[in-house]
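In what follows, chains are A, B, ... by sequence order, proteins preceding strands, each numbered from 1.
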Number of protein chains: 2
Amino acid sequence: MTISATANSDGRRLRGDSSRRAVMAVAVDLASVDGLDGLSIGALATRTGMSKGGVVALFGSKEHLQLATIDAAIEVFHEHVLVPALSEKGGLARLRVLTDSWLRYSQSRVFSGGCFFAAVSAELGSRPGTVRDAIATAMTDWQAFVRRTVERALERGELAADTDPDQLSFEITSLLDGANDLSLLLGSDEPYARARTAIDRLLMAR
Amino acid sequence: MTISATANSDGRRLRGDSSRRAVMAVAVDLASVDGLDGLSIGALATRTGMSKGGVVALFGSKEHLQLATIDAAIEVFHEHVLVPALSEKGGLARLRVLTDSWLRYSQSRVFSGGCFFAAVSAELGSRPGTVRDAIATAMTDWQAFVRRTVERALERGELAADTDPDQLSFEITSLLDGANDLSLLLGSDEPYARARTAIDRLLMAR
DNA sequence: CCTACCGATCGGTAGG
DNA sequence: CCTACCGATCGGTAGG
């Protein structure tokens, strides 16, 4: 992506890419609050100082805009949650960094509406379409990453041998999402402490 | 409500109330899929065979329609989840009926979009306004009901004496919501079995 | 409860 | 990337 962007010598593709990035930064934040359906081309244009036609020219259609927004959110999520975990080489230690990073990512409101994927998966979870499929894939990938991280700790003997990776990863992601949702609704940080307590117990008393 | 509805002898209020109920039944189901913002007056009119003006006449404004829809969803929730639990007089037994009823309520798709409150609280959780406040109140009430049910089992010595009711009720509702959300996204019933397993362990191994 | 209508905003196109 | 425009739909009002 960076290569093709810099390959063009007249600077047009380069400018297009930087516009895209600027618009995407606003789009992911708007969508975390108003949803991917609530993300309107006109509102996005106003917020970025562009014309509506300009936004359409960049993305082609609302559906393409929605898919691009999901991709941009995945990048942010990777940076804030997966990268810190992957830099920890231990087994159980990596799992702890992973859940800590997720809670920090949600609690610090990297996106105004809390976790982007919690917001849009609840919005589109029960509707058909390409956009919903893209979200489902992202969520499946995330769930699989947590499970593999659990398995890694398990292989190193740092979790009880009878641990079911699918079961434990379901419980962990439920507690993370529960903290995110409740915190947004109550405007309180307390749910994050509850999630930490619960996850600590899950990873310790086994 | 029933009294004032039957008090009018010319039948107009009576008819108005029955129209309201018919519209509400469609509204709660639509909103569970498309959200309370996605619930449009025009679409609701088409789906109920009424004119748009007729729907407006019944509810006054979109905000009033949204608030009425929340009230109607609360009634359905009470009937499917709270009533079965309250008919069980035991402590821990009531808590088990409560979580079982919730999982059945979500899994059987009483609402097409799964749990109504999971859908709309994620939609409006990070936005200000009267409608969001009504949802927050409903969710606080539900959380408090779970906590009181936990306390009841605790008073009867059916849970470990060092149990923190706030902590345990947070973990239970997170697992319930996690099952609802993941089931909708994956189109699978497996998350419900995972939630049952996790809650069984929480209520047993103490 | 209806029809008829209002201004605003939606996603998208044409042409440059 | 822009302006100018399209038909459709939005929430809501008027008048009955």
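- Atom pair A:Asp37:CG and D:dT9:C1' shows a separation of 14 Å (rounding to whole Å applied).
- For C:dG7, the paired nucleotide is D:dC10, the pair qualifying as Watson-Crick or G-U wobble because both relevant distances are below 3.5 Å.
- Here D:dG12 presents its C1' atom at 15 Å from CG of B:Leu44, a figure rounded to the nearest Å.
- Taking every heavy atom of residues 54-61 of chain A and every atom of DNA chain C, pairs under 4.0 Å involve A:Val56, A:Ser61, by number.
- A straight line from CD of B:Glu63 to P of D:dC10 spans 19 Å, rounded to a whole angstrom.
- Contact between B:Gly178 and A:Ser174 at its shortest, heavy atoms only, is CA-OG, 3.5 Å.
- A:Glu158 places a side-chain N or O within 3.5 Å of a backbone atom of A:Leu92 that can act as its donor or acceptor partner.
- Atom P of nucleotide C:dC10 and atom CG of A:Leu30 are separated by 12 Å, given to the nearest angstrom.
- Atom CG in B:Asp34 sits about 15 Å away from atom C1' in D:dC10, given to the nearest Å.
- Comparing D:dT3, C:dG12, D:dG11 against the side chain of A:Ser51 picks out D:dT3 as the nearest.
- Judged by distance alone, the side chain of B:Thr173 and the main-chain N or O of B:Phe170 form a donor-acceptor pair under 3.5 Å.
- There is a side-chain donor-acceptor pair under 3.5 Å between B:Arg109 and B:Ser183.
- Separating the NZ atom of B:Lys62 from the C1' atom of D:dC10 is a distance of 8 Å, rounded to the nearest angstrom.
- As rounded to whole Å, 5 Å separates atom P of D:dG11 from atom CD1 of B:Ile41.
- Counting atom types as modelled, B:Lys52 pairs a side-chain N or O with a base atom of D:dG12 as donor and acceptor under 3.5 Å.
- Side-chain N or O atoms of A:Asp29 include none that pairs as donor or acceptor with a backbone N or O of A:Phe111 at under 3.5 Å.
- Each of C:dG11, D:dG11, D:dT3 was ranked by its minimum atom distance to the side chain of A:Ser40; first place goes to C:dG11.
- Under the 3.5 Å distance criterion, the side-chain polar atoms of B:Glu151 are left unmatched by any main-chain donor or acceptor of B:Pro165.
- The aromatic rings of A:His80 and A:Tyr105 lie tilted to each other, with the angle between the two planes from 30° to 60°.
- When both distances must be under 3.5 Å, the Watson-Crick or G-U wobble mate of C:dG15 is D:dC2.
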